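Working notes, structure below.
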Amino acid sequence: MNDVVISVRELTKRFCNFTAVDHISFDVHKGEIFGFLGANGAGKTTAMRILCGLSYPTSGSGTVAGYDVMHDGEEIKRHIGYMSQRFSLYNDLTVWENMRLFAGIYGLTSKQTEQRSTELLDRLNFSSERNTLVGSLPLGWKQKLSFAIATIHRPEVVFLDEPTGGVDPVTRRQFWELIYEAANEGTTIFVTTHYMDEAEYCSRLSIMVDGKVQALDTPARLKQQYAAESMDEVFRTLARGAKRGE
Amino acid sequence: MKHNFGSFVKKETLHILRDKRTMLVVMLIPIVLMVLFGFAISTEVNNINVAVVAPHRTDGVHDAVKRLDANEYFTFKGYITPNEIDSHLRTGNVGAVIVFASDYERGTAQATAGIPTRPIIQLIVDASNVNTASSATAYLQSILLGSASQQTMFETRMLFNPQMKSAYNFVPGIMGLIFILVCAMMTSVSIVREKEMGTMEVLLVSPVRPVKIIFAKMVPYFAISCIVLITILLLARYLLGVPMSGGVGGIFALSLLYLILSLSLGLFVSTISKTQVVALLVSAMVMMMPIMMLSGMLFPIENLPRFFQIVSTIVPARWYIDAIRKMMIQGVPLMAVWENGIILLGMTIVLLSISLRKFNDKLE
């Protein structure tokens with residue numbers, strides 16, 4: 001299949017005697033919104049760090065945007081976007097200065113930067129705040145801006161690590177509209193979340209328990225499989241089997 | 001990618017410029033310290049009131065008093081009787097009393113003729129401040145000696161700093177301190193702040209090499225330090241009148257090396273501290289205290305106990321201050337302090353490589 005953007009086979013990460021990620025395998029397709037779920041300590045973050053080129057697997061293989069996680073970490077970084085659960089723009093810089101910084105990091109020319117940031121600000125309905133200090137924006141706006149900036153270089157995959165933590169439901173809804181838009185344009189979204197209503201928005205979900213992928217399918221089929229009313233139930237049924245603590 | 005380095009430098013500069021308070025502090029501290037140490041806190045003898053007890057006001061005595069009064073460091077307060085000495089000193093009206101013997105003239109004549117004679121002048125000095133008292137005594141002696149005897153047994157000359165101005169002594173010390181403050185403290189805090197805020201995470205996921213992030217951080221602080229360096233040198237030269245006869249070029253070159261050393265120190269601190277508070281504390285306790293105490297800034301290294309003398313050899317400021325003092329005040333060229341330069345260079349290389357390695361390790 002040509003449209004596989006992330007492909008992982010038997011990926012394992014061991015720290016001394018502790019196996020954080022235990023032989024996981026999955027594929028993520030272009031334009032998909034892939035939900036990566038799991039309780040705290042299930043190994044989500046470790047797996048995500050490997051996929052972002054921040055750490056190397058102990059064994060197994062994986063490619064992201066066509067680059068090998070074992071050897072091409074630097075190339076991967078160039079082709080992905082990343083937004084973390086902690087707000088990570090600079091509060092003492094303006095909206096536009098933040099955009100210029102990240103555009104510069106990803107090597108956009110100043111003309112491209114101008115074009116792309118205007119486009120993103122228009123989409124966010126945010127052009128009037130171009131010269132506002134980011135620190136003075138409400139949290140919901142900051143998160144949307146973070147997402148926009150994570151896609152400033154038109155990455156093939158965007159990794160979102162609990163992007164909507166601490167945001168009110170209305171803003172979360174708006175945030176997901178942005179995610180849909182990006183996915184419709186062909187950007188692949190790889191998202192972790194603790195909100196089960198958000199899990200329902202994903203095209204496909206994987207649920208990690210104790211370092212292993214315990215379930216992987218569309219939300220509808222997962223609910224069917226576990227005879228559950230909601231994703232919340234599915235998640236709890238699976239997480240109950242966990243042996244690891246927090 | 002060339003322009004991502006540029007974007008980083010721009011960003012760091014904006015951080016600093018936006019933080020007006022810190023900026024102001026950094027720019028003002030050197031000026032305040034220079035003025036404070038240069039004028040207010042001084043170990044110089046200044047405006048000491050002197051009273052004179054003289055049973056016979058002979059020409060010789062008048063001559064001595066005239067010399068004394070003409071001196072800018074002493075103020076002649078008048079003649080008093082022996083009974084008044086104690087009360088004048090106690091109340092602090094005068095800091096020193098000169099008692100001429102009744103046979104002062106004869107004694108002087110004998111001394112001039114080379115005949116050994118018993119003391120003919122007594123100095124009674126308020127020694128509640130030891131520093132002031134000892135320099136006042138030495139200075140008074142040299143003034144009186146000139147009038148007491150044409151044929152003196154020895155001749156003292158204060159080289160390099162004939163007026164014993166303490167500002168000369170403090171300027172290199174302040175330089176040693178301030179660059180650590182600006183470079184080490186501010187860079188370490190700014191690196192740790194990114195870790196604390198979570199922005200470092202995003203930077204690490206980006207294709208920028210961590211080393212680049214760090215160097216981009218150093219550039220604006222380096223620039224600020226250069227401005228501070230120029231300010232200090234200008235103040236030292238034109239406000240305090242420090243000679244700098246060894247050539248400004250050498251002083252500048254060595255200072256640049258010291259700046260880089262301080263930046264590496266800041267990087268090192270940032271690798272061992274997790275929060276801004278820790279970074280601040282480490283900089284203050286581990287760097288400021290040794291500099292104040294063990295660098296020769298306040299206390300001569302020779303006066304330290306043996307143990308601390310050994311410890312002081314690892315304090316970079318010690319070598320820097322020593323070299324700057326030589327160049328500024330003694331007027332030796334850079335070549336004459338090459339040993340200090342080599343030591344500083346060595347320290348820079350060691351610190352920089354350790355902290356770069358530690359920094360990279362941390363990221364894995």
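Chain letters run A, B, ... following the sequence lines, proteins first, then strands; residues in each count from 1. Worth knowing before you read on, the calculation uses all heavy atoms, side chains too, and leaves out hydrogens, waters and symmetry mates. Fair warning: this is a prediction, and the values are worked out from it, not measured in the lab.
- For Tyr238(B), the OH atom sits in a loose shell: 12 or fewer heavy atoms of surrounding residues, nucleotides or ligands are nearer than 6.0 Å.
- Put simply, OG on Ser7(B) and CZ on Phe102(A) are 10.5 Å apart, with the number rounded to the nearest 0.5 Å.
- Within 6.0 Å of atom CE in Met289(B), 12 or fewer heavy atoms from other residues, nucleotides or ligands are found, so the atom counts as exposed in its surroundings.
- The two residues Lys77(A) and Ser206(B) come nearest to each other via the heavy atoms CD-O, 3.4 Å.
- Ion pairing between Arg18(B) and Glu97(A) holds under the 4.0 Å rule for side-chain N and carboxylate O.
- Taken from SG in Cys52(A) to CD in Glu201(B), the straight-line distance is 9.5 Å, to the nearest 0.5 Å.
- With values rounded to the nearest 0.5 angstrom, Tyr90(A) atom OH is found 3.5 Å from Lys11(B) atom NZ.
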Inset, instruction - Give the C-alpha distance, both sets of side-chain angles, the deciding distance and a yes or no for side chain to side chain contact (heavy atoms under 4.5 Å, CB included) between Asn91(A) and Met197(B). - result: CA-CA 10 Å; Asn91(A) 281 322; Met197(B) 297 293 290; 3.7 Å; yes
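- At most 12 non-hydrogen atoms from other residues, nucleotides or ligands lie less than 6.0 angstrom from CD of Gln115(A).
- Contact annotation: the side chain of His15(B) approaches that of Leu93(A) to within less than 4.5 Å [non-hydrogen atoms, C-beta and beyond].
- Atom CE of Met288(B) is surrounded by more than 12 heavy atoms from other residues, nucleotides or ligands within 6.0 Å.
- In terms of heavy atoms, Ser88(A) sits closest to Gly198(B) at CB-O, 3.6 Å.
- Side-chain atoms of Leu14(B) and Thr94(A), non-hydrogen and from C-beta on, never get closer than 4.5 Å to each other.
- Between Phe8(B) atom CZ and Leu101(A) atom CG the span is 5.5 Å, to the nearest 0.5 Å.
- Leu89(A) and Thr199(B) make their closest contact through O-CG2, 3.7 Å (heavy atoms, listed as atom of the first residue, atom of the second, distance).
- Using a 4.5 Å heavy-atom threshold, the side chains of Asp92(A) and Asp19(B) count as separate.
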